[in-house]
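Notes to accompany the following structure.
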Amino acid sequence: MEKTIDSLRIAQNIKQLRLKNFMTQEDLATILGYSERQVRRLETNGTYNLYVINLIAETFNVEITDILFGMS
């Protein structure tokens with residue numbers, strides 16, 4: 001099966017990681033240096049920006065592919 005990158009899946013995975021780590025959107029925004037509004041947008045629309053995806057992966061100590069395709 002071929003894996004495709006889907007922004008809505010990325011959004012769901014970001015939210016799942018945040019909740020799994022018992023963080024609020026405000027907590028994540030502070031760590032990333034973003035506004036809470038930017039985090040809400042990431043969790044609603046996702047992103048294809050690899051810098052942002054890598055930053056989130058580093059924050060949660062996961063692989064980039066976990067954000068792109070879901071947790072392994």
Open item on the list: Less than 4.5 Å apart, side chain to side chain, heavy atoms only: is that true for Tyr34 and Leu55?
Closed with: yes
- [ ] Mind checking the CD1-CD1 spacing from Ile53 to Ile14? Nearest 0.5 Å is all I need.
- [x] 6.5 Å
Task: pair Asp66-Asn13: side-chain heavy atoms closer than 4.5 Å - done: no
TODO: Could you list the residues that satisfy side-chain contact (heavy atoms from CB on, under 4.5 Å) with Gln12, not counting sequence neighbours?
DONE: none
Open item on the list: Can you tell me how far apart CG (Asn45) and CG (Leu8) are? Round to the nearest 0.5 Å.
Closed with: 7.5 Å
TODO: Could you grab the distance from atom OH of Tyr51 to atom CD1 of Ile56, nearest 0.5 Å is fine?
DONE: 11.0 Å
Task: Single-linkage hydrophobic cluster Val62~Phe22, side-chain heavy atoms < 4.5 angstrom - done: no
Open item on the list: Ser35: which residues meet the side-chain contact (heavy atoms from CB on, under 4.5 Å) condition with it, sequence neighbours left out?
Closed with: Arg37, Gln38
Open item on the list: Among Ile31, Ile67, Leu28, which residue satisfies the side-chain contact (heavy atoms from CB on, under 4.5 Å) criterion with Phe60?
Closed with: Leu28
Open item on the list: Test: side chain to side chain donor-acceptor pair (under 3.5 Å). Region: residues 55-64. Which pairs qualify, not counting sequence neighbours?
Closed with: Asn54-Glu58
Task: By side chain to side chain donor-acceptor pair (under 3.5 Å) - contacts of Asn49 (at least two apart) - done: none
- [ ] Nearest 0.5 Å please: distance from the CG atom of Leu42 over to the OG1 atom of Thr47.
- [x] 6.0 Å
Open item on the list: Show me the pairs that pass side chain to side chain donor-acceptor pair (under 3.5 Å) and involve residues 14-30, at least two apart or across chains.
Closed with: Arg18-Glu43, Thr24-Asp27, Gln25-Glu43
Open item on the list: If you compare all heavy atoms of Ala11 against all heavy atoms of Gly46, which two are closest, and at what distance to 0.1 Å?
Closed with: CB-N, 3.4 Å
Task: Atom pair CD1/CZ of Ile5 and Phe69 - distance to nearest 0.5 Å - done: 4.5 Å
Open item on the list: Can you list everything that forms a side chain to side chain donor-acceptor pair (under 3.5 Å) with Glu36? Sequence neighbours excluded, please.
Closed with: none
